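Position 1 is the first residue of the sequence, and the numbers go up from there. The figures here come from the full heavy-atom set of this structure, side chains too, leaving out hydrogens, waters and symmetry mates. Note that this is a predicted model, so its numbers are computed, not measured.
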Amino acid sequence: MLVPEHARRRRRVDSSIHAAAQVFADPGVYLDYAATTPVDPAVSRVMGGFLTKDGTFGNPASVTHGFGQAAAEAVENARREVAALVSSRPEEIVWTSGATESINLAMKGSALARRDRGRHIVTSPLEHRAVLDSAEWLESQGFEIGYVELDDHGRVTRKGLSRALRPDTVLVSLMLVNNETGTITDIAALGPLVREQGAIFHVDAVQGVGRLRMGDIATAADLISISGHKIYGPKGIGALRVRRPLLSELVPQMHGGGHELGLRSGTLPTHQVVGMGAAAKLAREHGEADAGHVTSLDRKLRAHLGRIERTSTNGSLRHRVPGILSVHFEGVAAEALMIALGGVAISSGSACTSAEVTPSHVLLALGLGEERVLSSVRFSFGRFTTMDEIDHVGWVLAGIVPALRKL
């Protein structure tokens with residue numbers, strides 16, 4: 001059977017990409033920390049003591065005997081650590097299965113609680129799918145969604161938020177740090193606007209906790225979503241910080257035994273809870289050291305990228321956290337670059353949408369053309385990334401990018 005010319009061309013391109021991967025790439029370099037972080041060994045050791053009969057395995061809700069009481073004490077210790085990390089009170093921390101559940105509880109629980117006061121919700125087009133999909137669900141329940149206009153750098157400003165607010169706005173949900181570009185939203189500056197309106201302010205702080213000081217942010221926000229596996233803790237555990245006056249107001253999204261003040265029923269996974277608590281403690285104690293390390297890595301990677309022609313960053317370089325970098329390689333398809341990099345783990349956007357072969361909604365919302373979006377990848381790194389790994393990836397990119405452009 002004759003093979004069409006375009007098919008033969010595609011095979012040659014694929015073969016060339018894989019050949020480049022064999023020449024340049026070295027397996028085992030992980031630069032996808034924004035998708036998930038490895039569990040810190042110290043966290044893993046703590047978790048191991050809460051699984052077997054020799055450890056603290058009891059149900060923390062079974063407080064009529066010592067096994068359950070020991071587990072309950074461990075849960076409360078972890079609650080205190082997470083509260084300290086986000087500058088809050090322990091009684092304001094509600095355990096969930098992760099940030100997605102925290103976001104659902106925050107948005108649906110607060111909007112439904114105040115639907116008699118108004119049905120207008122404000123968010124931005126840059127948000128995580130958990131926020132956007134929750135907003136779409138609320139829209140199906142009779143709410144109206146308004147999206148903040150962004151400035152030229154893709155940031156939410158006081159002016160933009162002020163224009164989006166209405167007398168019937170009951171909820172504002174914004175991201176602290178964007179998971180694709182690292183851009184920071186000035187939550188402390190926006191909080192007073194939301195409060196003057198009388199709306200609830202929810203902040204998705206998943207990428208910001210452990211990277212930024214949370215004092216002013218916690219003061220400005222009513223609800224804060226947090227994830228364990230983004231701060232070197234385990235997957236499957238998260239928390240929602242709920243300002244005390246709202247604890248009795250939120251509408252629960254899970255029903256059962258009335259755990260977590262009735263806001264989140266279900267037996268707590270003690271080993272994961274204590275793991276998140278241990279990770280929060282490490283983040284608090286070593287936050288400055290982590291920040292200095294990641295800043296140095298970020299500076300080094302940008303120096304390497306600066307030597308590759310027709311390469312630029314997406315989003316604001318000035319207003320962002322180090323360690324999350326969205327990069328555009330002109331004339332190079334992101335998919336081809338990721339294949340050619342072989343064992344170097346990077347991504348083309350959020351891990352929660354990576355299964356979809358569609359352009360990043362975040363980069364499109366920044367006003368970037370589809371061609372640029374499809375030629376952009378995300379590098380993210382953290383506590384365990386080494387300078388040698390950054391140098392290695394810089395050298396690999398310097399060889400692969402020009403080779404792919406020739407194809």
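No donor-acceptor pair under 3.5 Å is formed between the side chain of E139 and the backbone N or O of A135. A donor-acceptor pair under 3.5 Å links the side-chain atoms of Q197 to the main chain of P167, judged by distance alone. A distance-only check finds no donor-acceptor pair linking the side chain of E144 to the backbone of H120 [under 3.5 Å]. With hydrogens and angles disregarded, a donor-acceptor distance shorter than 3.5 Å links the side chain of D222 to the backbone of F201. Listed for the S380 side chain is no donor-acceptor partner under 3.5 Å among the backbone atoms of G323. In this structure, the side chain of Q253 engages the main chain of V251 through a donor-acceptor pair within 3.5 Å. Remark: side-chain polar atoms of R195 are paired, donor with acceptor, to backbone N or O of A220 under 3.5 angstrom. Judged by distance alone, the side chain of H153 and the main-chain N or O of R155 form no donor-acceptor pair under 3.5 Å. Put simply, the side chain of R405 never gets that close to the backbone of V332: no donor and acceptor are under 3.5 Å apart. Using modelled atom types, one side-chain atom of R211 and one backbone atom of Q207 make a donor-acceptor pair closer than 3.5 Å.
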* To do: Any chance you could lay out the side chain to side chain contact (heavy atoms under 4.5 Å, CB included) test for L317 and R302, step after step, and finish with the verdict?
  => CA-CA 11 Å; L317 271 178; R302 286 190 286 117; 4.0 Å; yes
* Show the numbers, then the answer: is there a side chain to side chain contact (heavy atoms under 4.5 Å, CB included) between L171 and M107? => CA-CA 8 Å; L171 171 66; M107 294 186 66; 4.1 Å; yes
* Go through the steps to decide whether I200 and V194 satisfy the test side chain to side chain contact (heavy atoms under 4.5 Å, CB included), and finish with yes or no. => CA-CA 7 Å; I200 294 175; V194 182; over 6 Å; no
* Verify side chain to side chain donor-acceptor pair (under 3.5 Å) between E389 and T385, making sure each step is shown before the conclusion. => CA-CA 7 Å; E389 288 176 324; T385 309; 4.8 Å; no
* Asked: So E92 and R241, salt bridge (charged side-chain N to carboxylate O under 4.0 Å, His left out) or not? Walk me through it.
  -> CA-CA 5 Å; E92 295 178 320; R241 179 284 190 123; 3.6 Å; yes
* To do: For side chain to side chain donor-acceptor pair (under 3.5 Å), just list the numbers for H319 and T183, CA-CA rounded to whole Å, side-chain angles, deciding distance to a tenth of an Å, and then say yes or no.
  => CA-CA 6 Å; H319 302 285; T183 303; over 6 Å; no
* **Candidate pair F379 and L397, rule side chain to side chain contact (heavy atoms under 4.5 Å, CB included), full reasoning** => CA-CA 12 Å; F379 299 89; L397 289 169; 3.8 Å; yes
* **Working for side chain to side chain donor-acceptor pair (under 3.5 Å), residues S102 and T96** => CA-CA 6 Å; S102 293; T96 67; 2.8 Å; yes
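At a cut-off of 3.5 Å, with distance as the only test, a side-chain donor of N314 or S376 sits close to an acceptor on the other residue. Side-chain atoms of S173 and T123 include no donor-acceptor pair closer than 3.5 Å. Side-chain contact, E180 with S360: a donor N or O sits under 3.5 Å from an acceptor N or O. There is a side-chain donor-acceptor pair under 3.5 Å between H229 and T36.
Pairing each heavy atom of H271 with each of M47, the nearest pair is O-CG, 3.3 Å. Taking all atoms of both residues into account, the shortest heavy-atom contact from P269 to I237 is CG-CD1, 4.4 Å. For the residue pair Y30 and A35, the shortest heavy atom distance occurs at OH-CB, 4.5 Å. The minimum heavy-atom distance linking N179 with A34 is given by the pair O-CB, 3.9 Å. When all heavy atoms of W95 and R264 are compared, the closest pair comes out as O-CG, 3.5 Å. Among all heavy-atom pairs drawn from N178 and L126, the shortest one is ND2-O, 3.1 Å.
The neighbour count for R163 CZ, taken as heavy atoms of other residues, nucleotides or ligands under 6.0 Å away, does not exceed 12. No more than 12 heavy atoms of other residues, nucleotides or ligands lie within 6.0 Å of CD in E370, so this atom counts as exposed by the packing criterion. The local environment of NZ in K108 is crowded, with over 12 non-hydrogen atoms from other residues, nucleotides or ligands closer than 6.0 Å. Within 6.0 Å of atom CG in D216, 12 or fewer heavy atoms from other residues, nucleotides or ligands are found, so the atom counts as exposed in its surroundings. No more than 12 heavy atoms of other residues, nucleotides or ligands lie within 6.0 Å of CD in E371, so this atom counts as exposed by the packing criterion.
Under 4.0 Å is where a charged nitrogen must lie from a carboxylate oxygen, and between R244 and E91 at least one such pair does. Using a cutoff of 4.0 Å between basic side-chain nitrogens and carboxylate oxygens, R320 and D298 are scored as salt-bridged. Salt bridge annotation for R372-E330: absent, with no cationic side-chain nitrogen under 4.0 angstrom from a carboxylate oxygen. Comment: D32 engages R378 in a salt bridge, judged by a side-chain N to carboxylate O separation of less than 4.0 angstrom. Remark: R117 does not engage D168 in a salt bridge, criterion side-chain N to carboxylate O under 4.0 Å. Salt-bridge annotation for R114 and E249: present, with a side-chain N of the basic residue lying under 4.0 Å from a carboxylate O of the acidic one. A salt bridge links E136 to R129: at least one charged side-chain nitrogen sits closer than 4.0 Å to a carboxylate oxygen. In summary, E288 and R213 engage in a salt bridge, as defined by a charged side-chain N under 4.0 Å from a carboxylate O.
A cation-pi contact links R383 to Y232, judged by a cut-off of 6.0 Å to the six-membered ring centre and 45° from its axis.
Residue I390 holds its CD1 atom at 15.5 Å from CH2 of W395, rounded to the nearest 0.5 Å. Atom CD1 of residue I400 and atom CE of residue M338 lie 12.5 Å apart, to the nearest 0.5 angstrom.
Applying side chain to side chain donor-acceptor pair (under 3.5 Å) to H202 and the options S225, S110, S134 leaves one that passes, S225.
M254 is not listed as a side-chain neighbour of L105, based on a closest heavy-atom distance of 4.5 Å or more. Residues P125 and Y147 form a side-chain contact, since some pair of their non-hydrogen atoms from C-beta on lies under 4.5 Å apart. Side chains of V148 and V122 form a contact here, defined as non-hydrogen atoms less than 4.5 Å apart.
Ring orientation note: the planes of F67 and F57 are tilted relative to one another, at an angle of 30° to 60°.
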